[in-house]
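Sharing a structure here in structure tokens format.
Lettering follows sequence order; numbering is per chain, from 1. Basis for what follows: all heavy atoms, side chains included, without hydrogens, waters or symmetry-related copies.
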2 protein chains.
Amino acid sequence: MMRISYPSSRKIYAEGELHEICVGMREITLSGEEPSVIVYDTSGPYSDESVEIDIRRGLPRLRERWIEHRGDTEQLSAFTSAYNNEHFYNKNLERIRFPITHLPFRAKASRCITQKYYALQGIITPEMEYVAIRENQLADRMRVSTHITPEFVRSEVAAGRAIIPANINHPEAEPMIIGSRFLVKINTNIGNSALSSGIEEEVEKAVWSCKWGGDTLMDLSTGQHIHETREWIIRNMPVPVGTVPIYQALEKASGKIPELSWELYRDTLIEQCEQGVDYFTIHAGLLRQHLPTVKGRTTGIVSRGGSIVANWMIEHDKENFFYTHFEEICELLAQYDVAVSLGDGLRPGSVSDANDEAQLGELAVLGELTEIAWKHHVQVIIEGPGHVPMHKIAINMDEQLRHCHGAPFYTLGPLVTDIAPGYDHITSAIGAAQIAWYGTAMICYVTPKEHLGLPDKEDVRAGVIAYKIAAHAADLAKGHPGVQLRDDALSRARFDFRWRDQFALSLDPERAIEYHSQGTPSCEADHCTMCGPDFCAMRLSRGINQGVVARDI
Amino acid sequence: MMRISYPSSRKIYAEGELHEICVGMREITLSGEEPSVIVYDTSGPYSDESVEIDIRRGLPRLRERWIEHRGDTEQLSAFTSAYNNEHFYNKNLERIRFPITHLPFRAKASRCITQKYYALQGIITPEMEYVAIRENQLADRMRVSTHITPEFVRSEVAAGRAIIPANINHPEAEPMIIGSRFLVKINTNIGNSALSSGIEEEVEKAVWSCKWGGDTLMDLSTGQHIHETREWIIRNMPVPVGTVPIYQALEKASGKIPELSWELYRDTLIEQCEQGVDYFTIHAGLLRQHLPTVKGRTTGIVSRGGSIVANWMIEHDKENFFYTHFEEICELLAQYDVAVSLGDGLRPGSVSDANDEAQLGELAVLGELTEIAWKHHVQVIIEGPGHVPMHKIAINMDEQLRHCHGAPFYTLGPLVTDIAPGYDHITSAIGAAQIAWYGTAMICYVTPKEHLGLPDKEDVRAGVIAYKIAAHAADLAKGHPGVQLRDDALSRARFDFRWRDQFALSLDPERAIEYHSQGTPSCEADHCTMCGPDFCAMRLSRGINQGVVARDI
């Protein structure tokens with residue numbers, strides 16, 4: 001049974017004022033007179049003991065009622081995608097298929113149903129109020145003044161400066177917001193490649209990433225049974241799920257790039273829209289004109305999607321079909337409120353290639369595409385690098401703002417050096433903390449296995465925690481209301497030798513407890529395990545704070 | 001037998017032009033036509049197979065001849081420190097004493113022998129030429145233009161903007177330089193506390209830290225047999241060794257702070273000067289006037305030395321004796337060329353306390369003390385924080401420059417958040433990379449066990465590598481000549497699927513090999529283990545670079 005628990009913590013819910021909503025959060029109870037601390041919670045129903053968890057049934061469909069209530073969608077009587085229907089009727093797949101069928105919802109004809117559209121109409125949706133409460137949890141509780149009201153959420157979504165990825169076919173997901181004026185979010189990746197793993201392992205890895213604080217999850221599977229694996233994951237995921245649909249399209253083309261076509265890709269988009277994917281990475285900004293700029297690079301194209309597109313363009317001597325069909329893509333995505341993550345197919349794969357003509361040329365095109373998507377009220381985020389030395393990071397943020405009209409930036413790291421394979425969660429957390437401070441809204445995690453192999457569970461944990469650190473450091477540096485309260489509570493616990501409180505307030509309590517238990521002192525010890533009882537600075541210093549002097553230590 | 005080896009690497013030596021010196025470095029041989037890459041090497045004779053290693057005899061005394069040649073020092077016929085003599089004649093200690101006695105050297109009467117003094121006289125010492133060659137190794141070899149000449153080293157040392165920690169009684173150490181215009185250095189800490197370990201384990205841990213790239217080593221032992229442990233370490237250390245002498249002084253006072261005295265401390269300084277410690281952390285800037293500013297803090301005083309001094313001042317109602325005796329301290333240190341690291345006893349122990357009145361008040365005093373030390377030609381570095389959120393880091397560097405006349409800054413991290421015990425090598429590497437980019441010359445490593453317990457060997461490795469990453473990232477951002485060549489060589493190897501070359505160029509080849517070997521592909525594979533053979537972006541992209549297209553992947 002997949003369950004998530006944290007020490008000294010309980011699940012609490014805050015109710016909405018505008019809508020009948022309950023926003024889950026985690027309350028950490030501390031000892032003595034210390035007020036409890038509320039923290040943002042990505043673990044969904046898995047940490048609520050009162051909710052029954054059965055991965056064969058999937059999570060409760062939290063948003064279904066909200067969506068139905070709006071009256072602008074309809075449930076279809078069959079899947080629209082040919083591939084999906086074919087799989088649905090394939091008896092051989094019964095063994096691995098998710099047991100319950102949810103027929104898809106879609107916008108009614110000529111209705112627009114995206115959060116961005118609603119926001120532009122002045123409507124505050126339950127999703128918007130939900131994220132306002134969620135972002136404010138600390139600040140509210142601690143009576144810190146804040147600007148994050150439901151109306152502020154609406155205005156940011158309307159302006160395109162923030163998105164709420166919320167496919168109507170993924171009602172299990174708890175609404176969350178990605179935008180530079182909100183808490184920095186982290187994306188995690190999972191995926192079986194041809195070389196690895198099974199369905200249950202993937203679902204477990206996905207839930208595991210939510211346990212440690214993953215805000216969104218990209219399923220980058222490229223192996224067999226992509227469709228079925230994804231179904232299990234989406235039905236059990238309390239966070240938005242993203243994909244790179246070209247990976248599956250290429251599988252359908254038996255790995256033959258020249259055989260990729262708009263029609264094949266379009267059917268894949270529909271298949272995934274109706275399954276409930278919340279955002280798609282689409283490499284629509286990589287054009288034929290950019291290919292000559294790639295040749296002098298140290299590491300060429302390191303984006304899988306980008307290299308597929310580049311090869312297709314060369315083979316067919318045609319423009320990128322993501323680009324030429326971008327309006328149709330947007331029309332399609334709008335019908336399900338799937339957000340587009342404009343992929344950076346030319347992101348630098350080495351510090352040598354950072355901020356080069358290829359990268360910045362593509363970024364300018366992503367700006368054009370943002371305007372097209374917005375015309376269709378599709379929510380947009382912009383993907384960014386990659387490998388970038390520190391002195392070139394700020395320029396990335398500046399150029400993104402200059403070209404992309406304020407759409408949220410979503411970067412992979414960046415890694416600030418190439419020389420530390422095995423430690424790229426660290427090389428990239430250094431860059432991610434900086435670019436998030438400068439305004440990047442979401443950072444895509446990197447695990448210690450980057451460049452070397454597929455991450456296992458411990459790698460996922462290490463990657464998520466490194467990125468929670470980077471995100472929180474950026475929130476602190478941006479002065480986000482209330483975020484320092486957790487630091488302060490933990491530091492007070494440290495100074496008071498309240499070990500259990502320290503652990504409970506940690507990003508990874510289990511690791512902290514494990515490391516602490518390797519030393520001699522117990523949780524009752526009034527000194528730090530580093531200095532030993534005779535040399536503890538804080539013990540000595542407490543006396544000074546209390547006006548008492550340590551004579552004999 | 002303690003030996004250090006790195007894959008595809010050999011020890012090479014570059015000769016001096018001004019002096020008869022041989023500067024060790026590591027040459028990494030790559031496959032095919034790729035030129036070899038030279039990297040900075042902190043492993044000393046341990047990685048030279050032609051040198052016999054016997055920790056009972058200690059390392060070759062590299063600098064002894066240079067020092068004698070100058071003719072301004074004399075070898076004493078006995079130790080000057082009462083404590084040292086007492087230990088020397090104590091038969092009970094024979095079992096654990098280092099087997100060979102080296103009687104100490106000291107400056108002849110009225111001679112000044114510090115590197116700073118020589119530099120001011122216009123003398124380029126062998127130490128200065130050594131570090132010039134060492135810093136230039138990459139740039140020279142790769143014909144990158146550079147400003148790091150022996151004369152440049154001399155001028156930076158003369159100005160006090162850089163130091164070469166080089167106690168005449170630690171001739172085993174290879175000269176290295178700490179200054180903002182040179183490669184960023186990292187300090188590692190070891191030490192047994194009352195709760196832990198033995199002599200041989202400490203020596204091994206010290207050598208281990210040099211293997212991974214530690215540039216200097218602080219011995220922070222507080223347990224039994226400090227004197228003997230330190231002797232073993234110094235005799236076997238190819239890098240400068242630092243200490244916080246008040247720790248040992250307090251042991252001598254049986255842990256009773258009120259019984260600490262200038263006389264006791266002075267004897268400890270002499271003991272350690274004659275043993276060969278290269279730099280002392282001295283908390284001379286924490287004054288009585290600062291104590292009221294500590295009271296409102298979240299985490300009071302977190303520096304061990306600082307809290308000892310604070311308690312002593314309160315108990316005796318007197319000014320800090322490090323401060324009142326600072327001129328005498330400098331006179332003493334100058335006789336052995338021991339550098340002073342002005343300790344930040346009031347560094348913030350939480351983001352809440354960052355950049356507060358206590359911290360910045362002490363920093364201003366460190367500036368005064370720098371001028372006093374320089375009057376005696378003592379080399380100076382300034383210690384810095386601590387816990388500092390990102391937006392407050394730059395101010396630390398600015399204030400240090402404003403107060404401390406360009407003396408090198410040496411910071412502990414800083415940690416950019418308090419909420420990640422178990423991962424503070426990461427929280428602090430984020431801050432360290434930034435402050436080093438802004439101009440900090442040396443960063444003191446933090447291990448994953450920080451705040452929780454004493455680091456074991458794997459923690460030391462994790463801490464050193466995290467800090468090598470931060471230092472290298474800063475070197476890249478500062479545009480230090482030649483440092484990007486290693487990144488470029490590794491990235492080319494990555495793009496060419498030359499796996500063995502990638503590993504050899506990594507900061508931690510063993511870890512990279514370990515992670516890579518967990519996947520299926522061998523070192524012969526022409527695809528990345530993350531994407532699998534069918535989806536390898538770089539394999540697809542190679543075709544584009546070579547004008548060939550992948551039709552069927």
Side-chain angles (χ1 to χ4, degrees), chain A residues 193-195 222 255-256 298-302 304 307 311 314-315 350-352 389-391 416-422 426-427 430 433 437 452-453 466 469 472-473 476-477 486-488 490-491 495 506-507 511-512 515-516 518-520 529 532 534-535 537 540-541 544-545 549-550 552-553, chain B residues 193-195 222 255-256 298-302 304 307 310-311 314-315 350-352 389-391 416-422 426-427 430 433 437 452-453 466 469 472-473 476-477 486-488 490-491 495 506-507 511-512 515-516 518-520 529 532 534-535 537 540-541 545 549-550 552-553:
Chain A
S193 82
L195 306 168
T222 55
K256 294 183 200 302
T298 299
T299 43
I301 299 179
V302 296
R304 276 192 259 174
S307 63
N311 275 275
I314 293 169
E315 178 63 30
S350 53
V351 296
S352 157
M390 285 193 288
H391 62 301
V416 295
T417 167
D418 306 340
I419 66 170
I426 300 178
T427 67
I430 291 171
W437 172 23
L452 297 169
I469 290 168
H472 185 77
L476 281 176
R486 186 172 180 178
D487 293 78
D488 294 349
L490 193 145
S491 289
F495 195 63
S506 299
L507 283 180
R511 180 58 41 87
Y515 283 176
H516 184 254
Q518 291 168 11
T520 316
T529 41
D534 289 349
F535 275 86
L540 287 172
S541 168
I544 295 166
N545 272 34
V549 180
D552 185 325
I553 56 160
Chain B
S193 81
L195 307 169
T222 54
K256 296 182 199 305
T298 299
T299 42
I301 299 178
V302 296
R304 276 191 259 173
S307 63
N311 274 274
I314 293 169
E315 178 64 30
S350 53
V351 296
S352 157
M390 287 193 288
H391 63 300
V416 294
T417 166
D418 306 340
I419 66 169
I426 300 178
T427 66
I430 291 171
W437 173 22
L452 297 169
I469 290 169
H472 186 77
L476 282 174
R486 185 171 180 180
D487 293 79
D488 294 350
L490 193 146
S491 289
F495 195 64
S506 299
L507 282 181
R511 179 57 43 84
Y515 283 177
H516 185 254
Q518 289 168 13
T520 316
T529 42
D534 289 351
F535 274 85
L540 288 171
S541 168
N545 273 33
V549 179
D552 184 325
I553 56 160

Review point. Hey, does A:Gln518 have a side-chain heavy atom less than 4.5 Å from the side chain of B:Leu452?
Key: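 The answer is no, as the side chains (C-beta and beyond) never meet within the 4.5 Å cut-off.
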
Check your understanding: When only pairs under 4.5 Å are counted, which of B:Ile430, B:Leu490, B:Ile419, B:Leu507 shares the most heavy-atom pairs with chain A?
Key ->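 That would be B:Ile419.
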
**Study point:** Straight-line distance of B:Arg486 CZ to B:Ser506 OG, nearest 0.5 Å
**Key:**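 One gets 7.5 Å once the value is rounded to the nearest 0.5 Å.
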
Point to revise | Residue, of B:Ala420, B:Ser352, B:Ala466, that accumulates the most heavy atom pairs under 4.5 Å with chain A | key: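 Between B:Ala420, B:Ser352, B:Ala466, the count favours B:Ser352.
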
Review point. What option among A:Ser491, A:Ala473, A:Gly422 has the most heavy-atom pairs under 4.5 Å with chain B?
Key: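 Highest number of pairs under 4.5 Å: A:Ser491.
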
Exercise for review: Give, as side chain, backbone, both or neither, the part of B:Leu476 having an atom under 4.5 angstrom from any heavy atom of chain A.
Suggested key: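 For B:Leu476, the contact with chain A is made by backbone and side chain together.
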
Check your understanding: Would you say B:Asp418's side chain and A:Asp488's backbone share a donor-acceptor pair under 3.5 angstrom?
Key ->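 Pair absent, no side-chain N/O of B:Asp418 close to backbone of A:Asp488.
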
Check your understanding: Which atom names give the shortest non-hydrogen contact between B:Thr417 and B:Thr427, and what distance separates them?
Key ->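 Smallest heavy-atom distance, with atoms named: CG2-CG2, 3.8 Å.
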
